[in-house]
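These figures come from a predicted structure and were not determined experimentally. Order of the sequence lines sets the chain letters (A, B, ...), proteins ahead of strands, with each chain counted from 1. The analysis underlying the following values was restricted to heavy atoms, covering all of them including side chains, and did not include hydrogens, waters or symmetry mates.
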Protein chains: 2
Amino acid sequence: MSYQSLLDYINAVVPLTKSEEVELTNLVTKRKYLKGQFILQQGDIAQQQCFLVSGCTKMFHSDDSGQEHIILFAVENWWTSDIGSFISQTPADFNVQCIEDTEVIQISAQNIETLFIAIPKLERFFRKIIEKAFVALQKRMVRNFSLTAKERYIIFRSTYPELEQRIPQYMIASYLGITKEFFSKMKRQVLLDN
Amino acid sequence: MSYQSLLDYINAVVPLTKSEEVELTNLVTKRKYLKGQFILQQGDIAQQQCFLVSGCTKMFHSDDSGQEHIILFAVENWWTSDIGSFISQTPADFNVQCIEDTEVIQISAQNIETLFIAIPKLERFFRKIIEKAFVALQKRMVRNFSLTAKERYIIFRSTYPELEQRIPQYMIASYLGITKEFFSKMKRQVLLDN
DNA sequence: CAAACATATTAATCTACATTAACATTATTT
DNA sequence: AAATAATGTTAATGTAGATTAATATGTTTG
């Protein structure tokens with residue numbers, strides 16, 4: 001069935017019965033986006049939370065001077081959305097844009113409430129998902145405080161070896177919080193070191 | 001009753017019945033710490049999640065060169081804990097230390113599981129709490145990428161006007177990700193500007 | 001296969017912030 | 001009240017990373 005990757009993902013955390021699986025799949029939708037398309041634009045209200053079936057996205061903030069600051073990539077079996085906008089239905093601080101053709105399973109803000117009532121253990125599931133995301137973000141924050149860009153890059157490489165192949169350098173630079181020019185310079189250093 | 005501030009806090013998000021309130025208060029404990037004492041030390045496993053009744057704490061990471069990086073303050077009605085350590089019972093990345101005499105209500109890792117089973121809506125409560133924390137952290141991350149220390153300080157002042165009175169400057173500097181020397185210099189600029 | 005566009009490199013110059021070190025001011029303790 | 005510790009300031013010098021701008025390479029598209 002077409003929602004299998006999401007079901008597998010959820011079942012690994014909170015096992016669902018067959019009827020719960022049906023209920024869930026009735027409240028989600030599937031959608032394809034092309035490379036370059038926006039799933040969410042800064043200023044709009046996030047209507048959906050997205051689970052990636054295939055493809056790759058970046059979530060970023062455009063600041064006043066037009067600079068992009070990438071704060072999250074997502075690939076297969078990752079979630080992406082501006083959670084703040086989604087939960088309080090306020091204008092998003094972030095854009096979500098596809099950097100490959102991307103297929104997602106979406107849950108709307110309305111349906112997620114229905115789901116929480118129908119299947120309370122999904123509340124546990126989403127709590128655990130966001131706990132994990134929070135912990136990762138907190139660690140990244142500390143790294144940005146205490147490590148140099150070079151050190152952060154080395155950690156990024158070893159943490160997400162697949163990502164480096166799929167994502168243009170200048171986006172990785174943005175994710176690390178540095179310019180593409182400095183990234184290029186620093187990368188040469190790293191490669192020479194090995 | 002002595003757990004009232006916690007009950008008020010929870011009731012504002014998920015209303016509890018009287019019997020649920022009793023059940024909850026039976027599974028939490030109260031404790032006092034003196035200024036300077038550690039609630040949690042880096043490398044230990046976080047046994048408790050803490051709700052502050054009074055006082056003030058800082059949560060920080062000590063890096064390899066011994067530098068402190070503060071990533072969270074907490075005052076009355078805030079939660080504090082190394083969530084990562086607490087949920088997966090692994091060594092903490094962070095210290096939590098009192099910067100005033102502090103009284104907390106604590107929930108242990110074991111009891112929180114009991115609570116989730118006894119009162120499922122607490123699962124919703126903690127999901128909402130952590131969602132809020134996550135959103136705030138994400139915004140702070142973007143600010144660290146896109147704003148100067150001066151701009152971040154101005155936002156800090158207007159967001160937490162009370163904190164600036166209670167907390168030594170050098171800790172605010174650490175929270176902003178800069179040295180106390182640079183903070184001192186930059187603060188003079190900000191004060192001259194007004 | 002051009003032409004257009006997206007991505008990456010290099011080098012010169014600039015700046016926000018770190019480091020060091022000395023000193024000043026407040027709190028706290030005895 | 002003196003002594004000690006904690007906190008805050010100032011100034012000189014150093015550096016990670018930004019900015020600008022020119023050029024190179026790679027990849028789509030007509």
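- A salt bridge between Lys121(B) and Glu123(A) is absent, with no side-chain N of the basic residue lying under 4.0 Å from a carboxylate O of the acidic one.
- For the pair Met186(B) CE and dA18(C) P, the computed distance is 11 Å after rounding to whole Å.
- Taking atom CD of residue Glu181(B) and atom P of nucleotide dT13(D), one finds them 17 Å apart after rounding to whole Å.
- Rounding to whole angstrom units, NZ of residue Lys185(A) and P of dA8(C) are separated by 18 Å.
- Across the protein-nucleic acid pair, Tyr153(B) atom OH and dG8(D) atom C1' stand 13 Å apart, rounded to whole Å.
- Nucleotide dT7(C) holds its P atom 6 Å from the CE atom of Met171(A), rounded to whole Å.
- Taking the side chain of Thr179(A) as heavy atoms from C-beta on, and the options dT7(C), dA18(D), dT10(C), the nearest nucleotide is dA18(D).
- The phosphate of dG8(D) has neither OP1 nor OP2 within less than 4.0 Å of any side-chain N or O from Ser184(B).
- Between Arg31(A) and Glu103(A) no salt bridge is recorded (no basic side-chain N to carboxylate O distance below 4.0 Å).
- Regarding Ile167(A), its CD1 atom lies at a distance of 18 Å from the P atom of dA6(C), rounded to whole Å.
- Contact annotation for Thr148(B): backbone-only contact, meaning every heavy-atom pair under 4.0 Å involves sugar-phosphate atoms and none involves a base.
- The phosphate of dG17(D) has OP1 or OP2 within less than 4.0 Å of a side-chain N or O from Arg152(A).
- Phosphate proximity of dG8(D) to Arg188(B): absent, as no side-chain N or O sits under 4.0 Å from OP1 or OP2.
- Counting only N and O atoms by type, the side chains of Asn95(B) and Glu68(B) include no donor and acceptor under 3.5 Å apart.
- The NZ atom of Lys180(A) sits 15 Å away from the C1' atom of dG26(D) (whole-angstrom rounding).
- The residue Phe182(A) sits close to a base: some heavy atom pair falls under 4.0 Å.
- Taking atom CG on Asn144(B) and atom P on dG17(D), their separation rounds to 14 Å, with Å as the unit.
- Salt-bridge check for Glu151(B) with Arg157(B): failed, with every basic side-chain N at 4.0 Å or more from each acidic carboxylate O.
- Residue-to-nucleotide proximity on DNA chain D shows that, of Ile178(A) and Lys187(B), the 5′-proximal contact is made by Lys187(B).
- Between Gln169(B) and dT9(D) there is a side-chain polar atom (N or O) within less than 4.0 angstrom of OP1 or OP2.
- Screening Tyr153(B), Phe156(B), Tyr175(B) against Phe183(B) for a ring pair (Phe, Tyr, Trp, His ring centres under 6.0 Å) leaves a single residue, Tyr153(B).
- Counting any heavy atom pair closer than 4.0 Å across all strands shown, Gly177(A) reaches sugar-phosphate atoms only and no base atom.
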